[in-house]
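Structure record follows, encoded as structure tokens.
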Amino acid sequence: MGEFPFKLIGVDELSRKFFSLQCPLQQTGGATLTELSCRGCLWGLVGICAPLDKGAVCIRSSGRMNKAKTENLREKVEGNELDLSLSNLTEVPVKELAALPKATVLDLSCNNLTTLPPEFCTLTHLVKVDLSKNQLISLPEEMGRLSSLQHLDLYNNRLTMLPLSLSQLRSLRWLDLKDNPLEQSLAKAAGDCLDEKQCKQCAARVLQHMKVLQEEADKERERRLLREKELEKKREAKQREKEAKEREAQKKKKAEEKEKKRKEYQAQMAALAAQEQQKKKKEEKKKKASQNQDKKKPSVSVLPAKRSLCSRLFSWILRLLLLLIVGAAGVITVCQVTELRKEPFCMPINLYVHDTVSWAQGLEVVQQVIQKISDLQA
């Protein structure tokens, strides 16, 4: 078809001839084609182009391949090899590749791949993978799962580091890392890969280097875990100490509240005791006052009581004497006046009366009394 009268976008020089064969132009409406963007097109699988107002794009049905596309991929398998180079791929059709386990050799060179999806590492049937001349900036951390991989070509990408899991690729015998901005130690371990021998040595040295890095990473992870455990222990210790302090503070607070209540109770009891003491003192004062009054009253009334007792005693004595006198007078009268005077018991009485009268008459006082009585009778 010769040179195209428009600018092809996303198509390198090696693909121009292939493009002219697989993606014929179809212009409609008389539009003038100035640009044709075919980025992301899978040559030989899509190949339908249509012009737009400002150019044309390569139309594809989906980023994922359907059954027809899988069948198209199957047609590309030759023996155990699947060649997807120069397909302008921006992503790897992992699902479709997984359906082709017989294709153990995969060529993805000369595409626009920048990363590989983690699912790529599930293609454990792959023995040889060519990813040269892409734009890869990193590889999946799960690369170590490609246990059957023996040949890996990463020439002319933008890799600076490799995943540590690469050390698990025990079957890897061939590796090319040329034209990558590798980190210095990795570049030194990789060395040159100008022939088969050097590429095999590169694989062995890189695997050993990655094993060392893996061991260092494991040790660092262990140290980090130990530090984290120590930090966790310290945090737990601090937490326990904090909780202990909080418990102690709470316990102290409760003790202070209890002591405060105890003091308040003691103060109340002391107040009640003081009140009771005051009452007792008042009662004692009243009692003492009443006792003092009672002591003062007998000083006034004891004498009349004593006098009353004496008067009563004197009265009884007088009555007794009066009774004796009356009795004696009755006996004397009986013995003097009646016929009983001659009786023997009256004789001593009469004699005693006679002697008494004689004695009384001899007294001057009695004579004066008799004289006054006689005077009064006269």
Approximate separation, where rounding is to 0.5 Å, of Lys258 NZ and Lys251 NZ: 11.0 Å
Salt bridge check: are Arg235 and Glu232 linked by an N-O gap of less than 4.0 Å? yes
Do Thr104 side-chain atoms and Val127 backbone N/O form a donor-acceptor pair below 3.5 Å? no
Of the non-hydrogen atoms in Leu207 and Leu169, which two are nearest, and what is the gap between them? CD1-O, 3.5 Å
Consider only side-chain heavy atoms of I, L, V, M, F, W and Y, link residues closer than 4.5 Å, and tell whether Trp174 and Leu166 are in one cluster. no
Distance (rounded to the nearest 0.5 Å) between Glu276 CD and Lys281 NZ: 13.0 Å
Residue list, salt bridge (charged side-chain N to carboxylate O under 4.0 Å, His left out) with Glu241, at least two apart or on another chain: Lys245
Heavy-atom side-chain contact between Leu116 and Pro140 under 4.5 Å: yes
Supply the atom-to-atom distance Leu225 CG to Glu220 CD, rounded to the nearest 0.5 angstrom. 10.0 Å
Hey, are the side chains of Val105 and Leu82 touching, using non-hydrogen atoms and a 4.5 Å cut-off? no
Given the rule in the side-chain contact (heavy atoms from CB on, under 4.5 Å) test, do Leu182 and Thr160 qualify, once you have shown the distances and angles that lead to the verdict? CA-CA 4 Å; Leu182 299 175; Thr160 58; 6.0 Å; no
Are the side chain of Asn134 and the backbone of Leu89 linked by a donor-acceptor contact shorter than 3.5 Å? no
Residue pair Leu164 / Ala217: nearest heavy atoms and the distance that separates them: CD1-CB, 3.5 Å
Would you find more than 12 non-hydrogen atoms of other residues, nucleotides or ligands less than 6.0 Å from Glu257 atom CD? yes
Ionic contact status for Lys197 with Asp195, cut-off 4.0 Å: no
To the nearest 0.5 angstrom, please state how far the SG atom of Cys202 sits from the CG atom of Asp192. 9.0 Å
Heavy-atom distance under 4.5 Å between the side chains of Phe120 and Glu142, does that happen here? no
Which atoms form the tightest heavy-atom contact between Leu172 and His151, and what is the distance? CD1-N, 4.0 Å
Closest non-hydrogen atom pair between Leu177 and Leu162, with its separation: CD1-CD1, 3.8 Å
Kindly indicate whether the side chain of Asn112, heavy atoms from C-beta on, has any atom under 4.5 Å from the side chain of Asn88. yes
dist Met161:CE -> Ser138:OG (nearest 0.5 Å) comes out at 11.5 Å
Would you say the side-chain atoms of Glu183 pair up with the backbone N or O of Leu186, donor to acceptor, closer than 3.5 Å? yes
For the side chain of Asn111 and the backbone of Ser87, is there at least one donor-acceptor N/O pair under 3.5 Å apart? yes
May I ask you to decide if Ala190's main-chain N or O and Arg205's side chain share a donor-acceptor pair within less than 3.5 Å? yes
Check whether any side-chain N or O of Thr114 sits under 3.5 Å from a backbone N or O of Leu136 as a donor-acceptor pair, and report yes or no. no
In the structure I gave you, are the side-chain heavy atoms of Ser165 and Arg145 within less than 4.5 Å of one another anywhere? no
Side chains of Leu159 and Ile137: does their closest heavy-atom pair fall under 4.5 Å? no
Does the Asn157 side chain pair with the main chain of Leu131, one donor and one acceptor, at a distance under 3.5 Å? yes
Quick one, Leu321 with Trp316, criterion side-chain contact (heavy atoms from CB on, under 4.5 Å). Give me CA distance, side-chain angles, the key distance, then yes/no. CA-CA 8 Å; Leu321 288 175; Trp316 282 104; over 6 Å; no
Residues in salt bridge (charged side-chain N to carboxylate O under 4.0 Å, His left out) with Arg221, at least two apart? Asp218
Arg173 side-chain N/O to Arg170 backbone N/O, donor-acceptor pair under 3.5 Å: yes
Given Asn180, Asp176, Asp130, Asp179, the one that forms side-chain hydrogen bond (donor to acceptor under 3.5 Å, both in side chains) with Tyr155: Asp179
Restricting to salt bridge (charged side-chain N to carboxylate O under 4.0 Å, His left out), what partner residues turn up for Arg262, sequence neighbours left out? Glu259
Can you name the closest pair of heavy atoms from Pro93 and Leu84 and give their distance? CG-CD1, 4.4 Å
Taking Lys178 for the side chain and Cys193 for the main chain, is one N or O donor matched with an acceptor at less than 3.5 Å? yes
Approximate separation, where rounding is to 0.5 Å, of Ser148 OG and Leu126 CG: 8.5 Å
Heavy-atom side-chain contact between Asp153 and Val129 under 4.5 Å: no
Of the non-hydrogen atoms in Ala99 and Arg74, which two are nearest, and what is the gap between them? O-NH2, 4.0 Å
Under a plain distance cut-off of 3.5 Å, with no hydrogens placed, do Gln239 and Glu243 share a side-chain donor-acceptor pair? yes
Do Lys287 and Glu284 meet the salt-bridge criterion of a basic N to acidic O distance under 4.0 Å? no
Main-chain N/O of Ala244 paired with Glu248 side-chain donor or acceptor, under 3.5 Å: no
Are the side chains of Val206 and Met210 in touch, meaning some heavy atoms are under 4.5 Å apart? yes
